[in-house]
Amino acid sequence: MEKLVSLCKRRGFVFQSSEIYGGLNGAWDYGPLGVELLRNIKQEWWGEMTRRTNVEGIDSAILMHPRVWEASGHVENFTDPMVDCRQCKARFRLDILFEETSLKKRKEVLRAADPEKFGGQLTEETVAAEFMALADRDPAAVLTSLSCPGCGNRDTFTEARKFNLMFKTFVGPVEDSGNVVYLRPETAQGIFVNFLNVQSAGRQKVPFGIAQIGKAFRNEINTKNFLFRTREFEQMEMQFFVKPGSDDEWFEYWRNERMNWFTGLGMSKDTLRWHRHAPDKLAHYAKDAYDIEYLFPFGWGEVEGVHNRTDFDLTRHEEYSGKSMKYFDEAAKEKFTPYIIETSAGASRSFMAFLVNAYHEEEAPTAEGGSEKRVVMKFHPRLAPVKAAVFPLVNRDGMPEAARAIEEALRGRLATFYDDSGAVGRRYRRQDEIGTPWCITVDTQTLADRSVTVRERDSMVQERVASEKLLSYLTDKIG
Ligand code: GAP
């Protein structure tokens, strides 16, 4: 992770927000290459959704009527239990505090709680399970035995309290409780409340879906692991409205489609897995829920959820707004509240997963016949922020002019980069590090027959291609 974070900063993928002021936790800025990579990921997702005649797009407002968040359950339930340290005033999420307790400490806590039961030899699994069970049953008792990770003092935690993760602000000039609005913690609600607008404007029939990409905000207590858990992030959500009874089939359909999207963009299958929510851990509205998890350097983490949300959302909005959210099926002459199959991906989290997936260190041959270490970002060509770099072999004999002309001709159609500084080997390394799939070199032969060498990033194999055919050669390969 450290290597990746440092590459991201050095090469302009991601910068810390407000860095010159010491940074702001949980917020990140996307640099020139990062913004291109993120746009490509979002573009791939958007195209994948809206290429279907039964999926419409939408871009709803971040600020919504506060009743939306009462209906959705966020005002009441979108909370994390948290504790404060009385000494150093640091705040911690209770579940994370427990999760991060060491094995040794867990054993100690169990032995103190029940010396007879936990006095003997215990396996790691038993300690883990029994400790979490005790923490669930009696969190206060466990807390008294733990030390604050901030200042190291023991028995300094306050009682656990619920902390709502929504950011609050006020509409208009008066900061009054009647004017409270929230920054949306998910894009999904903007879709639910527009269900009938989109259905009638798009003349859609159930089953159909609505897709949206946009910012979401959560006042996470613990932001961590770079872009994994941040306070401001982007989501790519699609809600698919189906007739009750057909929901299980659509659920399986979308699970399949979503996993294929990640693998189709170059993620290796052994770094992705499904995590099914246990029945007792399902959200109150969900009938079934799976997460797509990616194997990050710090372990498995969710990148997308595929959930069967039943008719919960539309029913609640009908109840809270007093407006019917039912669909009228013309053919069957019947009214019903559709079930919703949700696919909810984090754009920022997927961005990080694609970065991790692309990062490789390997040996590459040098011009002198030796080898050297290269860092290469093996992005899928459609995701790569720069598609082709163009180099003159040397800065004389008309090669720079010819290379410039080629680069300019490609630029209108593809993201390109011109580089004439340093040895060609070094220029290859610089492009490998940002994941440019093709490097085009203008050499002496180009001046004679207008052909160039095209070097492919992963295999490092070079081919000669006529410069007039470069654009179609590259676009064919990108697909
Ligand atoms: N509408 C359902 C929903 O929002 P979620 O599991 O809370 O479900 C969906 O979020 C996705 O949004 C997650 O899989 C993750 O990729 C992303 N996400 C959620 N919280 C995030 C955070 N604090 N930072 C970055 N991404 C986040």
Side-chain angles (χ1 to χ4, degrees), residues 14 17 24-28 30 38 41-42 45 58 60 62 64 68-69 71-74 77-80 93 96 163-167 182-193 195 209-240 254-255 258-259 261-262 267 272-277 281-294 296 298 300-310 312-314 316-317 340-356:
V14 181
S17 158
L24 178 72
N25 252 343
W28 297 90
Y30 291 82
L38 184 63
I41 293 170
K42 291 189 286 184
W45 185 90
I58 188 180
S60 68
I62 287 174
M64 300 180 74
V68 167
W69 306 108
S72 68
H74 282 82
N77 300 322
F78 197 53
T79 56
D80 275 340
R93 236 174 83 177
I96 291 185
F163 175 78
N164 196 297
L165 300 187
M166 284 196 292
F167 280 101
Y182 302 96
L183 300 189
R184 66 179 177 201
E186 61 173 14
T187 59
Q189 300 300 326
I191 296 180
F192 302 144
V193 300
F195 158 62
I210 306 178
Q212 163 152 244
I213 298 178
K215 289 253 175 165
F217 302 84
R218 297 183 188 179
N219 199 0
E220 302 281 2
I221 302 169
N222 294 85
T223 57
K224 61 174 189 178
N225 291 330
F226 194 30
L227 306 169
F228 186 80
R229 182 169 291 114
T230 54
R231 297 200 167 104
E232 177 178 340
F233 56 97
E234 259 183 304
Q235 289 188 315
M236 309 184 288
E237 296 199 294
M238 196 280 308
Q239 312 291 334
F240 202 74
W254 280 109
R255 274 201 328 117
R258 294 309 304 143
M259 187 58 101
W261 184 77
F262 284 103
M267 281 211 180
L272 289 167
R273 72 174 186 192
W274 285 108
H275 163 74
R276 188 179 195 173
H277 294 206
K281 295 273 190 280
L282 276 179
H284 53 287
Y285 53 76
K287 179 172 156 188
D288 204 351
Y290 280 83
D291 295 333
I292 297 178
E293 293 187 335
Y294 179 75
F296 290 98
F298 48 82
W300 291 97
E302 173 192 339
V303 286
E304 170 156 355
V306 182
H307 300 173
N308 181 341
R309 299 183 66 112
T310 67
F312 174 84
D313 305 284
L314 294 180
R316 290 278 287 201
H317 284 302
I340 294 173
I341 307 302
E342 167 179 81
T343 72
S344 173
S348 338
R349 244 186 228 182
S350 304
F351 174 98
M352 186 170 147
F354 282 116
L355 276 176
V356 172

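Numbers for residues simply follow the sequence, beginning at 1. Counting convention: from 1, in listed order, for ligands and their atoms alike.
Atoms of ligand 1 lying under 4.0 Å from at least one heavy atom of E342, given by number and element, are 1 (N), 2 (C). With ligand atoms numbered from 1 in the order given, ligand 1 contributes 22 (C), 23 (N) to contacts under 4.0 Å with heavy atoms of E220. Near A188, the atoms of ligand 1 lying under 4.0 angstrom from a non-hydrogen atom of the residue are 1 (N).
With atom 1 (N) of ligand 1 as the reference point, the heavy atom nearest to it among E234, R229, E237 is part of E237.
Side-chain contact between W274 and M259 is present, with at least one heavy-atom pair separated by less than 4.5 Å. Contact of the H317 side chain with the V68 side chain is registered, since non-hydrogen atoms from C-beta on lie closer than 4.5 Å. Side-chain contact between F195 and Q239: absent, with no pair of heavy atoms (C-beta onward) separated by less than 4.5 Å.
Nearest protein neighbour of atom 25 (C) of ligand 1, counting heavy atoms only, is F228 O, 3.2 Å. Looking only at protein heavy atoms, the nearest one to atom 17 (C) of ligand 1 is G346 CA, 3.7 Å. Nearest non-hydrogen protein atom to atom 3 (C) of ligand 1 is S344 OG, 3.5 Å. When only non-hydrogen protein atoms are considered, atom 6 (O) of ligand 1 lies nearest to E302 OE2, 3.1 Å. In terms of protein heavy-atom proximity, atom 15 (C) of ligand 1 is nearest to R349 NH1, 3.5 Å. Annotation: atom 18 (N) of ligand 1 to nearest protein heavy atom, F233 CE1, 3.5 Å. Shortest contact from atom 19 (C) of ligand 1 to any protein heavy atom: R218 NH1, 3.4 Å. Looking from atom 10 (O) of ligand 1 to the surrounding protein, the closest heavy atom is Q235 NE2, 3.4 Å.
Q235 approaches T187 most closely through the heavy-atom pair OE1-N, 3.0 Å. Shown here for S348 and Y30, the closest heavy-atom pair between the two residues is CB-OH, 3.4 Å.
In this structure, R218 CZ and L183 CG are separated by 12.5 Å, a value rounded to the nearest 0.5 Å. We find the CZ-CD distance between R349 and E302 to be 6.0 Å, quoted to the nearest 0.5 Å.
Defined by atom type and a distance below 3.5 Å, a donor-acceptor pair is present between the side-chain atoms of S60 and Q212.
Under the salt bridge (charged side-chain N to carboxylate O under 4.0 Å, His left out) criterion, R309 pairs with D313, E342, not counting sequence neighbours.
Between V303 and ligand 1, at least one N/O pair is under 3.5 Å apart.
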